[in-house]
Amino acid sequence: MTSQPVAAPVAYGWREPFSNEEVNALHAEAFGHQPVDDDWNDRVARLSLGWVAARDDAGLVGFVNVLWDGLAHAFVVDTSVALRARRQGIGAGLVEVARDHAAAAGCEWLHVDFDEELREFYLDACGFAPTSAGLVRLRP
Ligand SMILES: CC(C)(COP(=O)(O)OP(=O)(O)OC[C@H]1O[C@@H](n2cnc3c(N)ncnc32)[C@H](O)[C@@H]1OP(=O)(O)O)[C@@H](O)C(=O)NCCC(=O)NCCS
């Protein structure tokens, strides 16, 4: 009999401290770009309702940023899960914590936009309803 690998326990933290280095590394891995030196701590302090960080024994495995309009609308952006921890429910877990905290902050709506390939993730696993939306590219 072969045994299946057991996923390490994951803890989700709302607005918990993180280092710019670990979020930059996770974002580059998740979105497949070269590492950059963004100041995520400054960014979320100025612009976000909050964020969710997911950690296992080895470090940061997931992150989502939650922007808002200060009133009714919150927006999840940059949902990221490390390659080594994909398809274990961590992405859906990040969004669930974001949703709970946006609701607790008094928001009425949680928004997301995504590429077609992630319909199953956002609509089925995370519970978003499909809607019409518009988008304009502002720079090439
Ligand atoms: C999208 C992302 C956050 C999903 O994270 P994850 O932890 O692997 O997702 P979950 O394990 O919670 O997935 C739950 C369900 O969503 C669906 N799903 C998840 N990723 C999917 C994918 N890439 N394609 C199709 N369906 C997917 C599946 O139904 C999955 O359940 P299953 O594993 O039992 O089949 C992760 O793949 C990622 O970081 N991608 C790169 C960055 C990105 O594109 N982020 C989204 C920006 S809008």
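Since we're looking at a predicted model, the values are computed, not measured. Below, each value reflects all heavy atoms present in this structure, side chains not excepted, and no hydrogens, waters or symmetry copies. Start at 1 and go down the list; that is how both ligands and their atoms are numbered.
Nearest to atom 29 (O) of ligand 1 among the protein's heavy atoms is Glu120 OE2, 2.7 Å. Atom 23 (N) of ligand 1 has Leu118 CD2, 3.7 Å as its closest protein atom, hydrogens excluded (heavy atom only). Residue, atom and distance of the protein heavy atom nearest to atom 5 (O) of ligand 1 are Val81 CG2, 3.5 Å. The protein heavy-atom contact nearest to atom 43 (C) of ligand 1 is Phe31 CE2, 3.5 Å. Considering only non-hydrogen protein atoms, atom 17 (C) of ligand 1 sits nearest to Phe121 CA, 3.7 Å. Counting only heavy atoms of the protein, atom 7 (O) of ligand 1 lies nearest to Gly91 N, 2.7 Å. Given atom 28 (C) of ligand 1, the protein heavy atom at minimum distance is Arg87 NH2, 3.4 Å.
Residue-to-ligand polar distances place Gln88 within reach of ligand 1: an N/O pair is separated by less than 3.5 Å. For Gly89, a nitrogen or oxygen atom sits less than 3.5 Å from a nitrogen or oxygen atom of ligand 1, counting backbone and side chain alike. By the 3.5 Å distance cut-off applied to N or O atoms, Ala125 is not counted among the residues near ligand 1.
The atoms of ligand 1 that sit less than 4.0 Å from any heavy atom of Tyr122 are 46 (C), 47 (C), 48 (S). Of all the atoms in ligand 1, the ones that sit under 4.0 Å from a non-hydrogen atom of Glu117 are 24 (N), 25 (C).
Ligand 1 lies within reach of Asp113, whose nearest heavy atom is under 4.0 Å from it. The closest approach between Thr79 and ligand 1 falls below 4.0 Å for a heavy atom of the residue.
Around atom 12 (O) of ligand 1, the closest heavy atom drawn from Ala54, Ser80, Ala30, Ala92 belongs to Ala92.
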Passes side-chain contact (heavy atoms from CB on, under 4.5 Å), Val76 versus Asn65? Steps please. CA-CA 6 Å; Val76 295; Asn65 189 10; over 6 Å; no
Apply side-chain contact (heavy atoms from CB on, under 4.5 Å) to residues Arg55 and Val61 and explain how you reach the verdict. CA-CA 5 Å; Arg55 293 182 185 282; Val61 286; 5.7 Å; no
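By the 4.5 Å heavy-atom criterion applied to side chains, Val64 and Ser80 are not counted as neighbours.
Looking at Asn20, its side chain does come within 3.5 Å of a backbone N or O of Trp40 through a donor-acceptor pair.
Checked for salt-bridge contact, Asp39 and Arg43 miss the test: no charged N lies under 4.0 Å from a carboxylate O. Salt bridge Glu29/Arg84: absent, no basic N to carboxylate O contact under 4.0 Å.
Considering NE2 of His101 and CH2 of Trp14, their distance stands at 6.5 Å, rounded to 0.5 Å. Once rounded to the nearest 0.5 Å, the distance linking CZ of Arg99 with CG of Leu110 reads 8.0 Å. If you take CZ on Phe63 and CG on Asn24, they are separated by 10.0 Å, rounding to the nearest 0.5 Å.
For atom 35 (O) of ligand 1, the nearest protein heavy atom lies under 4.0 Å away. Shown here, atom 2 (C) of ligand 1 is out of close reach of the protein: none of its heavy atoms lies under 4.0 Å off.
By the 30° and 60° cut-offs, the orientation of the rings of His73 relative to His111 is tilted.
Taking hydrophobic clusters as Ile, Leu, Val, Met, Phe, Trp and Tyr residues chained together by side-chain heavy-atom distances below 4.5 Å, Val44 does not share a cluster with Trp68.
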